[in-house]
Structure formats: structure tokens, C-alpha cells
Amino acid sequence: MARYNAKTTEAKWQAAWAEARTFEAAVDPDRCKPKYYVLEMFPYPSGRIHMGHVRNYAMGDVVARYKRAKGFNVLHPMGWDAFGLPAENAALENKIHPAKWTYENIDNMRGQLQSMGLSLDWSREFATCDVDYYRQQQKLFLDLLQNDLAYRRESWVNWDPVDQTVLANEQVIDGCGWRSGAPVERRQLSQWFFRITAFQDELLNALGDLDRWPEKVRLMQANWIGRSEGARLRFTVKGPTMGPTKGSAAHDEIEVFTTRPDTIFGASFLALSPDHPMTAKLAAGNPDIAAFVAECRRLGTSEEVIEKAEKRGLDTGFRAAHPFLADVELPIYIANFVLIDYGTGAIFGCPAHDQRDLDFARKYDLNVLPVVIPKDADPVDFSIDSEAYVGPGQLANSHFLDGMSIEDAKAEVASRAETGNFGTGQVMYRLRDWGVSRQRYWGCPIPVVHCDDCGVVPVAEADLPVTLPDGVTFERPGNPLDDHATWRDVPCPSCGKPGRRETDTLDTFVDSAWYFARFCSPRAGQPLDRDAVDYWMPVDQYIGGVEHAILHLLYARFFTRAIETCGHVGVSEPFSGLFTQGMVCHETYRDDAGTWLEPTEVDRRDDGNFVRANNGASIKVGRSEKMSKSRKNVIDPEDIIERYGADTARWFMLSDSPPERDLEWTDGGIEGAWRFTGRIWRIIEESIDRLPAPGTAVPGRFDDNALVLRRLTHQAIGAVTDGIERFQFNVSVARLYQLANALGSYKVDDDTDQAGRWAQREAIETLVVMISPMMPHLAEEAWQTLGQTGLVADAPWPVASPELLVEDTITIAVQMNGKMRGTLEIARDQPEDEVRAAALAVDKIKQAIGDKEVRRVIVVPNRIVNVVV
RNA sequence: GCGGGCGUGGCGGAACUGGGAGACGCGCCAGGUUUAGGUCCUGGUGGCUUAACAGCCGUGGGGGUUCGAGUCCCUCCGCCCGCACCA
């Protein structure tokens with residue numbers, strides 16, 4: 001009996017699929033098959049695939065192959081998110097052009113992915129750095145420009161001093177660049193923006209229809225867009241009557257945004273952001289204010305400090321007139337907790353109903369007047385101590401608002417403000433427009449020319465693409481395109497006078513904001529071919545890491561709407577189904593000095609302790625963490641595939657852990673998967689000589705032994721299918737183990753039981769087809785060995801026979817007072833009376849009842865009986 | 001601080017709408033085959049009490065609803081993720 005050789009077998013079937021062009025998709029002209037577009041987030045070509053890729057693509061391949069077998073016309077493409085900074089860093093370090101570095105990496109990673117045996121349509125492959133791709137992206141940019149969805153403005157930007165590039169607000173994490181981790185500086189630059197805020201309402205509202213998205217992701221997006229209803233209110237400024245700013249000129253009015261206009265009568269101060277224009281004015285004439293502002297800014301970027309920072313403020317000496325109370329004036333502070341980026345950069349503080357305002361009021365001894373009273377509290381002695389009251393209630397101490405609900409009071413204040421011409425109701429969003437300018441070489445050039453006379457002039461469509469020049473140097477910091485005179489200096493397309501190309505390139509998030517649509521018609525002469533895009537879009541199932549839950553997915557949703565506006569697509573939402581998978585983790589190891597060690601440097605001894613492989617020194621085993629180079633807890637997929645084969649690696653990725661949760665890589669797990677491939681193979685080899693020929697007619701009769709196997713087979717079909725449909729691949733895997741176990745212990749008497757052999761073939765074929773999305777090579781080899789002529793990749797998904805899913809005789813549990821006491825074998829669907837009688841006749845139940853009185857008997861049909869005594 | 005999620009054997013986990021807790025895998029124990037070893041096969045494996053039969057306990061803790069709770073409700077504890085002085 002030949003042992004299964006994964007290496008040669010996998011190569012053989014990969015060649016066979018390529019030869020037969022099995023996975024190349026085409027628009028189905030008759031529309032007789034439903035389409036299904038499954039896509040995994042395309043990789044950045046770093047050079048090597050990692051286990052996260054293996055997990056991601058193994059899952060996507062299960063879906064793609066399963067849907068194929070279910071009769072869908074499946075599109076399953078792959079490409080490369082190929083622009084970006086690492087290529088420039090590599091260029092600098094290794095003196096290699098970014099393009100050469102990138103394409104070499106792609107070649108290597110393509111080979112690695114192909115060794116996984118994925119059912120990908122490689123004929124559609126492209127990289128976002130292909131001129132053909134980014135020329136189409138430039139066309140889209142021009143369309144956005146024309147539709148006022150792209151624009152240029154001076155703005156304060158987040159400047160990453162390490163990457164030497166601008167970052168979007170979304171890319172700044174805890175005051176540091178999302179990629180470099182360096183503290184971000186603020187600089188003023190002229191920048192290109194995409195008007196994502198034009199769709200803020202749609203992007204928020206449409207989340208409600210994305211019912212095949214994880215709730216978590218929808219919530220994160222909603223929070224990111226951050227819609228809140230409130231009011232803008234203008235306060236008249238008086239003074240200064242005292243304090244450090246006495247005598248200096250200032251604003252006449254301060255406009256605040258509040259989500260709680262109902263609490264206006266509880267206001268006891270106004271607070272300005274340290275970056276507010278009025279603050280700046282005051283700081284210019286007052287060193288104390290300037291010093292305070294500087295101090296706030298210093299505190300401003302670091303994360304941990306701010307979290308625990310005390311609420312602090314500085315009284316400007318100015319006063320603001322209360323809009324409804326002629327005799328009340330509120331002090332105006334500059335406060336460290338007021339953000340310039342949100343609302344108007346100024347607030348009114350109502351200490352009784354906002355914790356931050358309360359902390360502030362207690363510190364500066366300001367009035368705390370409750371104006372919302374909880375339902376069961378007494379308005380007379382309801383008071384605020386150290387905790388602000390933010391719950392529901394009724395207005396009090398609020399003149400014309402007294403007795404109103406919070407909602408009514410909010411509306412009333414907004415309406416009176418409008419009447420009195422000092423404010424209005426207002427919806428505020430946290431979302432900002434998407435800054436897309438990057439001062440980098442390795443990105444999509446923005447196709448415009450700057451002219452002293454004509455301003456910003458778009459490059460004519462006929463003159464696209466604006467290609468990246470060769471012969472650039474990366475020695476100097478900043479953008480190499482700025483230094484490339486022959487590329488940079490061009491005549492103005494409008495007037496012909498000397499002009500200057502835009503040297504900014506687009507954020508790589510733009511590249512990934514429409515690649516999924518390009519896959520529908522990857523060689524089209526325009527960005528998107530409407531026939532193809534209308535047929536394939538939206539993506540039915542998108543799969544990737546949760547780390548892209550906000551940025552990439554929000555940009556893709558925006559961009560799809562933007563190009564819909566320009567007429568390139570007919571859908572608003574790019575991904576109708578989304579699945580976010582967990583990370584691949586591994587234990588970490590350190591020696592006594594605290595140095596991280598690779599798994600290969602560590603040996604597990606028989607007593608379970610870990611030692612250094614080379615010298616037996618003791619090792620500290622740390623908790624399982626995401627595989628990362630810095631912690632050295634990385635397992636290279638190539639090593640695993642080389643040693644065990646792709647099927648084993650894929651099987652392990654799908655076993656045990658639910659796909660949405662983190663998976664812990666263990667040696668035991670991969671060994672177990674590897675043993676299973678051997679077991680499948682043995683089951684087939686040991687029985688193949690005695691099985692009936694493929695396609696033999698169903699025997700008329702099966703004995704009990706065969707019937708049990710057939711039932712199990714058909715139940716497995718139901719359960720495995722259900723597991724795949726619900727993204728519970730681990731459950732499907734468990735059911736496949738169960739079926740294999742049953743086959744392993746299945747015995748047939750060849751002299752008397754041909755039907756038994758038939759049932760065995762049925763079970764084996766079913767098993768093979770159902771493992772084929774997970775272990776496609778082994779399945780093809782088995783399919784061939786079983787005497788089938790076509791590819792298992794083209795075989796239909798098995799269908800369970802309903803009559804085999806139900807058993808005639810069932811075992812039901814009998815409880816007494818809710819505790820299991822025994823079981824009962826009985827024909828299914830018996831009348832309740834008979835089940836009750838049978839249950840009461842069970843020996844253990846009779847014993848347990850003894851001389852107690854039976855008060856009730858609850859019969860749940862075909863499930864359980866509960867005797868209550 | 002706000003929002004979301006999770007907590008089940010030694011480990012990863014299963015249990016569709018409340019109905020036999022622990023499927024399946026790993027690990028471990030015992031036995032067998034072959035062998036140098038692994039592979040492979042058979043059986044066992046939540047805890048406690050017991051010689052055994054059997055019984056009791058058991059899904060983070062406590063309480064509740066129910067004939068019946070891993071599942072629903074309240075409360076407390078712990079862990080994870082996201083956002084964050086968002087007015």
C-alpha cells in the first residue's frame with residue numbers, strides 16, 4: 001500500500017486545475033447559474049506569506065469551492081496591494097528599485113499561494129502598481145475631481161516625521177503614526193482630499209442594511225462616523241472685568257456646540273479649546289495664557305498621561321451672557337479637555353449632568369445646579385455630589401423648560417435659539433474628509449499640473465497615464481518626485497506655459513478602495529466594464545482581518561458610492577457579506593536573559609518543560625500572542641507546506657478554533673491534521689478493491705449495519721453543509737472526523753452483503769466531496785482512486801436524503817424533577833399518552849418515584865420526558 | 001469614561017429557537033501490532049464519594065424565572081476588543 005505523498009500529489013493536481021482552467025470565471029451569458037463573488041483581502045507583497053494569509057485564504061477557498069459545488073458561478077480572484085512605503089525603504093536599504101523589489105516579491109508570493117492549491121482565477125491577477133491599474137485609478141481621480149468629490153485645500157496635517165508623510169486622522173493612533181509609531185507633528189500643507197463627508201449620512205444609514213456584516217464592525221463604523229444631534233448656541237462676550245486678560249480685545253461672540261441644549265439653565269461656565277481662535281488671540285497678548293496653552297499642547301499628544309490628566313483650566317476674565325437669563329454671566333475658561341477638532345472648539349459646561357464638567361466645576365468652585373431630576377427623586381433635595389447625573393428625567397430649575405422631558409426641552413431650546421437668532425439645532429459628525437495626499441514616490445501619481453496662471457489643471461484623459469519616472473534617488477528624505485526635474489516640469493495642459501506636475505501620490509488606501517470592482521474586468525480599457533461589474537458586484541463574501549474594520553472598509557464603501565456617482569458602478573455597497581477572522585497566535589519563548597527565542601530554538605522535554613535546544617538551558621514560556629517577528633513566535637507556512645503538504649496546513653487552519661476567534665498554532669494540532677490525511681487515504685486504499693463500481697445502482701435493501709452508516713453519512717451532509725454556511729468550519733471539521741471514524745470501524749461481510757459495500761462507497765464518496773473544499777488535493781487523488789473520471793472540483797455537493805435524516809426508533813431522555821434518571825427507546829412520533837406511560841414504566845424512574853405522588857408529567861415530543869413529583 | 005464581546009474538562013472547543021453538558025481534536029493513561037523510535041490499532045479519560053453497584057456535585061461567583069437553564073433576567077467578579085477628555 002503506497003503511502004500518500006503530499007508533495008508530488010499536490011503539484012500534480014495544481015497542474016491539472018491550471019491545465020483545465022478549472023477556476024477561470026466568466027460572465028454566464030444565460031444567467032442560468034447564480035453568481036457568487038468571494039474575495040479575501042489581497043495581500044501586501046512583503047515577500048513571503050505568513051500564517052495569517054494561510055488562514056484567510058484557506059477560509060476563502062472553502063467558501064469558493066463549496067459554492068462552486070453548490071452550482072454557483074464563482075468569481076474568486078487574487079491580486080496585490082503593491083504600492084506603499086516598504087518598497088521605498090527596501091530601495092534605500094538594498095539599492096534596488098521599488099518596482100523590481102515589489103515584482104520579485106510578487107513572483108515569490110504567487111508561487112507560495114499557488115502551492116496552497118487555492119481555487120483562484122489567476123487570469124485576473126493584477127498589482128495596484130501595474131501602470132494599467134493606476135492609469136484607470138487616475139481616470140477615477142479626474143472623475144471625482146469633476147464631481148467635486150476630490151478637492152484641494154490648505155490644512156493642518158498630521159505629519160509623520162519618520163515616514164515623512166501625511167497621515168489621515170484615521171491613521172493617527174494615540175498621537176503616533178499607525179505604521180511608524182512615531183509621534184505625529186502638526187504642519188500646514190496644501191493637501192488633496194476626498195469628500196467622504198458628502199456621504200456621511202448614507203454611510204451611516206446603510207450600515208443598518210448590511211445584515212451579513214458582523215455587528216461589531218458596523219458599530220465601529222457608526223462610532224467612527226459619530227453622528228450626534230444637538231445645537232449650536234452663540235454667547236455674547238462681555239468684559240474683561242478682571243483677571244489676566246483685562247483690557248485686551250477679544251471676540252464679540254463665542255459659538256458652542258452642545259448635545260445637551262436642554263441643560264442650558266444648569267450652565268455655569270464656558271470653556272474654549274487651547275487651539276480656539278479666541279484663545280490664540282488672547283495668548284498673543286498674554287504670557288500666562290500662552291504658557292497655559294503651551295502646557296496643554298505638551299500634554300496633548302501622549303496617550304497614557306492624558307487619560308489620567310486632571311481637568312484644568314484658566315479663567316480668561318471674560319464673561320458670557322446667558323442667552324435666556326439677562327442677569328446671569330458665565331465665566332469663560334480655556335480648558336485642556338475641550339477639543340478643537342470636534343464641534344466648534346468651545347462648550348458650555350453643565351456640571352450637574354456631565355462628569356468632566358463636574359470635575360472641572362469642583363476644582364474651580366463653580367456652581368452645580370441640577371436641572372434634570374430623575375423620576376423618583378424629590379426636586380427639592382435632589383443634589384449632585386461627585387457623580388454627574390446623565391440619566392433620564394424631568395427638567396427643573398429651568399424656567400420655561402420646567403416639567404418637560406429631555407427630548408422636548410432640547411427641541412424647545414433649539415427653537416427659541418432660532419427665534420432669538422442666537423443659535424440653531426445642528427447635527428454634528430465626527431467624520432472628517434479623507435486626506436489622500438502622500439509625499440512619496442511609490443504610489444499612484446495624482447494626474448494634475450500646477451500652473452501659475454491657470455491654477456490646478458487636470459491632465460487630459462488622452463494623456464493618461466501619468467507614469468512614475470525611473471531614475472529616482474531615495475537617498476534624500478522627502479518625496480523623490482520633487483527632485484526629478486525632467487518628470488516634474490511640464491507645460492501647462494491649458495495654456496502651454498511652464499507648469500509643474502503634482503508630486504503628491506495617492507494614499508494606498510485609494511488603491512484598495514476599488515480593486516474588488518476592477519477584478520470584474522481586469523483588462524478593460526476603462527476603469528470598469530459596466531456589464532462585468534453589473535454582473536459580479538457586489539462581493540458576496542469578503543473575508544479579512546478585523547484590523548481593517550474601520551479604515552479600509554469605510555474607504556471602500558465611500559469610494560464605491562463616489563464612483564457610483566460618476567457612473568462607473570451600479571451598486572452603493574461593495575460587500576454584501578463580510579467575515580472578519582481571528583489572528584494566528586503562538587506561544588512565546590524567552591531565555592533567562594529575556595531574549596525572545598524562535599520555536600525552532602526550543603525543545604519540549606518529556607516532562608513537559610521547555611529547554612533551549614542547543615544547550616538545555618531553561619526557558620520561560622509566555623502567553624500565546626499574535627505571530628510577529630519581534631516576538632519571534634513565527635511559524636513559516638512554507639516550512640509547514642514543505643513538511644506536511646498544503647492540505648494538512650489548510651485542515652489545521654480550519655480545525656478546532658472558530659474562524660472569528662484567534663487560533664493558536666500548536667505542534668500537536670498540525671500533527672493531528674497530518675495523521676488525519678493519512679487516515680483518509682488508508683480508508684480508501686484498504687477498501688477500494690472491494691467497492692462496487694462508481695455509479696452502481698442503489699440496492700433495494702440495507703441491513704442495520706449499512707443503514708447506520710447511511711444515516712450517519714446523510715446526517716453528516718446536513719451538519720457539514722450547515723457548518724460551512726454559518727462560517728463554523730471547526731464544526732464541519734468535527735463532523736467529517738466523525739464520518740471518517742465511522743468508516744474506519746465499518747465492517748462488511750463480503751459474501752453476503754453487497755449492499756454494505758455500496759453504503760461504504762456512498763460514505764467514502766460523500767466524505768471525499770465534503771473534504772474537497774478543505775483538502776482539495778487529497779480529495780482529487782481520492783476521487784481518481786475511487787474510479788471517478790472528472791475532477792472532484794467539478795463534482796456537485798452531496799444532498800442529504802430526508803428519509804435518512806430521521807430515525808424510526810429514538811432514544812429519549814427521562815428526567816425526574818429536571819434531573820436525568822434514565823432513557824427510553826421508543827418509536828418516533830408516538831402519542832403523548834403512550835410516551836408518558838412508557839416513561840413511567842422505566843425501572844429507574846419507578847425506583848426514583850417510590851411512594852411519592854406524581855404531580856405532572858411533561859412530554860416534549862421526540863425529545864424528553866420530565867416527571868414532576 | 002463610553003460601546004461591544006467573552007468566561008464550559010489538563011488544553012482548543014461543541015451544544016440550532018431553554019430539553020440527555022462536554023461532540024470533534026490535542027494531551028494523558030492502559031493494552032496490542034510492527035519496529036530502533038514514530039506511524040498504526042483497541043479501550044479509557046470532568047470532579048468527589050465508593051471495594052463495587054451506585055450516588056452526589058459540575059458551564060466564573062451569588063440570586064431569580066421555569067417542569068427543566070451553559071442558554072433567559074438581575075447582580076457581582078475576571079478577561080479581551082474597539083473608541084475616547086466627542087460636549
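Convention: sequence-line order gives letters A, B, ...; per-chain numbering from 1. Note that this is a predicted model, so its numbers are computed, not measured.
- Using a 4.0 Å heavy-atom cutoff across all strands shown, G669(A) reaches no nucleic acid atom at all.
- Listed by chain and number, the residues in a salt bridge (Lys or Arg N to Asp or Glu O under 4.0 Å) with E832(A) are R836(A) (sequence neighbours excluded).
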Side-chain donor-acceptor contacts of residues 731-739 of chain A below 3.5 Å, not counting sequence neighbours, with atom names and distances?
from    : atom 1 : to      : atom 2 : distance (Å)
S732(A) : OG     : V720(A) : O      : 2.8
S732(A) : OG     : I724(A) : N      : 3.2
R735(A) : NE     : Q738(A) : OE1    : 2.9
Y737(A) : OH     : W651(A) : NE1    : 3.2

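- When the P atom of A87(B) is taken as reference, atom CD of E229(A) falls 12 Å away, rounded to whole Å.
- When rounded to the nearest whole Å, the span between CD of E825(A) and P of G20(B) equals 16 Å.
- Backbone-only contact: T258(A) has heavy atoms under 4.0 Å from sugar-phosphate atoms and none from a base.
- Look at CD1 on I845(A): it is 12 Å from C1' on G20(B), rounded to the nearest Å.
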- Item | B/S/- contact track for nucleotides 53-60 of chain B, protein heavy atom under 4.0 Å | ---SS---

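- With both ends at atom P, the span from G5(B) to C56(B) equals 38 Å, rounded to whole Å.
- Within the structure, salt bridge (Lys or Arg N to Asp or Glu O under 4.0 Å) contacts touching residues 578-589 of chain A (residues at least two apart or in different chains) do not occur.
- Here R234(A) pairs with E253(A), E255(A) under the salt bridge (Lys or Arg N to Asp or Glu O under 4.0 Å) rule; sequence neighbours left out.
- Each of F676(A) and E671(A) lies near RNA chain B, and the nucleotide nearest E671(A) is the one positioned closer to the 5' end.
- Distance, I550(A) CD1 to G4(B) P: 16 Å, rounded to whole Å.
- Distances shorter than 4.0 Å separate some side-chain N or O of R675(A) from OP1 or OP2 on G27(B).
- With a glycosidic angle further than 90° from 0, G43(B) counts as anti.
- In this structure, R227(A) pairs ionically with E229(A), as a charged nitrogen and a carboxylate oxygen lie closer than 4.0 Å.
- The pair D359(A)-K363(A) does not count as a salt bridge, with every side-chain nitrogen at least 4.0 angstrom from each carboxylate oxygen.
- If you take CZ of R430(A) and C1' of G82(B), they are 11 Å apart, rounded to a whole angstrom.
- Comment: E215(A) engages R218(A) in a salt bridge, judged by a side-chain N to carboxylate O separation of less than 4.0 angstrom.
- Residues passing the side-chain hydrogen bond (donor to acceptor under 3.5 Å, both in side chains) test with Q200(A), sequence neighbours excluded: none.
- G1(B) and C67(B): their C1' atoms are spaced 45 Å apart (whole Å).
- If you take NE2 of H548(A) and P of G82(B), they are 14 Å apart, rounded to a whole angstrom.
- In the set C41(B), C85(B), G3(B), the nucleotide with an atom closest to the side chain of R679(A) is C41(B).
- An OP1 or OP2 oxygen of C67(B) is reached within less than 4.0 angstrom by a side-chain nitrogen or oxygen of R856(A).
- Among the protein residues, V338(A) comes within range of the nucleic acid bases, having at least one heavy atom under 4.0 Å from a base atom.
- Not counting sequence neighbours, the partners of D354(A) by the side chain to side chain contact (heavy atoms under 4.5 Å, CB included) test are R356(A), D357(A).
- Comparing G25(B), A87(B), C24(B) against the side chain of S228(A) picks out A87(B) as the nearest.
- Using a 4.0 Å heavy-atom distance criterion, Y737(A) is classed as a sugar-phosphate-only contact.
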Contacts under 3.5 angstrom, residues 662-674 of chain A side chains, donor-acceptor by atom type, not counting sequence neighbours:
from    : atom 1 : to      : atom 2 : distance (Å)
D662(A) : OD1    : M583(A) : N      : 2.9
T666(A) : OG1    : G669(A) : N      : 2.9
E671(A) : OE2    : Y644(A) : OH     : 2.8

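- Mapping T259(A) and K216(A) onto RNA chain B by nearest heavy atom places K216(A) at the nucleotide closer to the 5' end.
- Within a 6.0 Å sphere centred on CZ of R643(A), other residues, nucleotides and ligands contribute 12 heavy atoms or fewer.
- For the P atoms, the distance linking C80(B) with C86(B) amounts to 23 Å, nearest Å.
- Taking the C1' atom of each, A15(B) and A69(B) are spaced 13 Å apart, rounded to whole Å.
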- Pairing of RNA chain B as dot-bracket, 5' to 3': ( ) intra-strand, [ ] crossing, | other strand, . unpaired, with Watson-Crick or G-U pairs under 3.5 Å? (((((((..(((......[....)))((((((.......))))))((((....))))..(((((..]....))))))))))))....

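- The separation of G19(B) from U71(B), taken at their P atoms, amounts to 11 Å, rounded to a whole angstrom.
- The distance between the ring centers of H322(A) and F235(A) does not fall below 6.0 angstrom.
- Residues Y333(A) and Y364(A) bring their aromatic ring centres within 6.0 Å.
- Between the side chains of R557(A) and Q221(A), at least one donor N or O sits under 3.5 Å from an acceptor N or O.
- Neither OP1 nor OP2 of C86(B) sits under 4.0 Å from any side-chain N or O of N223(A).
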- With B for base contact, S for sugar-phosphate-only contact and - for none (protein heavy atoms under 4.0 Å), nucleotides 9-19 of chain B reads ---BSSSB--B

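- Taking atom C1' in both U35(B) and G20(B), the straight-line distance is 44 Å, to the nearest Å.
- Inter-residue side-chain proximity for R828(A) and T809(A) is flagged as unmet; no heavy-atom pair is nearer than 4.5 Å.
- Atom name C1', nucleotides G3(B) and G12(B): the rounded distance is 29 Å, in whole Å.
- In this structure, the side chains of M220(A) and N223(A) stay at 4.5 Å or more apart for every pair of heavy atoms.
- With C24(B), A84(B), G82(B) as the candidates, the nucleotide lying closest to the side chain of M220(A) is G82(B).
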Under 3.5 Å, which N/O atoms of the protein pair with N/O atoms of nucleotides 32-36 of chain B?
none

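- Taking atom P in both C11(B) and C28(B), the straight-line distance is 15 Å, to the nearest Å.
- Atom CH2 in W674(A) sits roughly 16 Å away from atom C1' in C26(B) (whole-Å rounding).
- With sequence neighbours excluded, no residue forms a salt bridge (Lys or Arg N to Asp or Glu O under 4.0 Å) with D647(A).
- Residue contacts for N741(A): at a heavy-atom cut-off of 4.0 Å it reaches the sugar-phosphate backbone alone, with no base atom in range.
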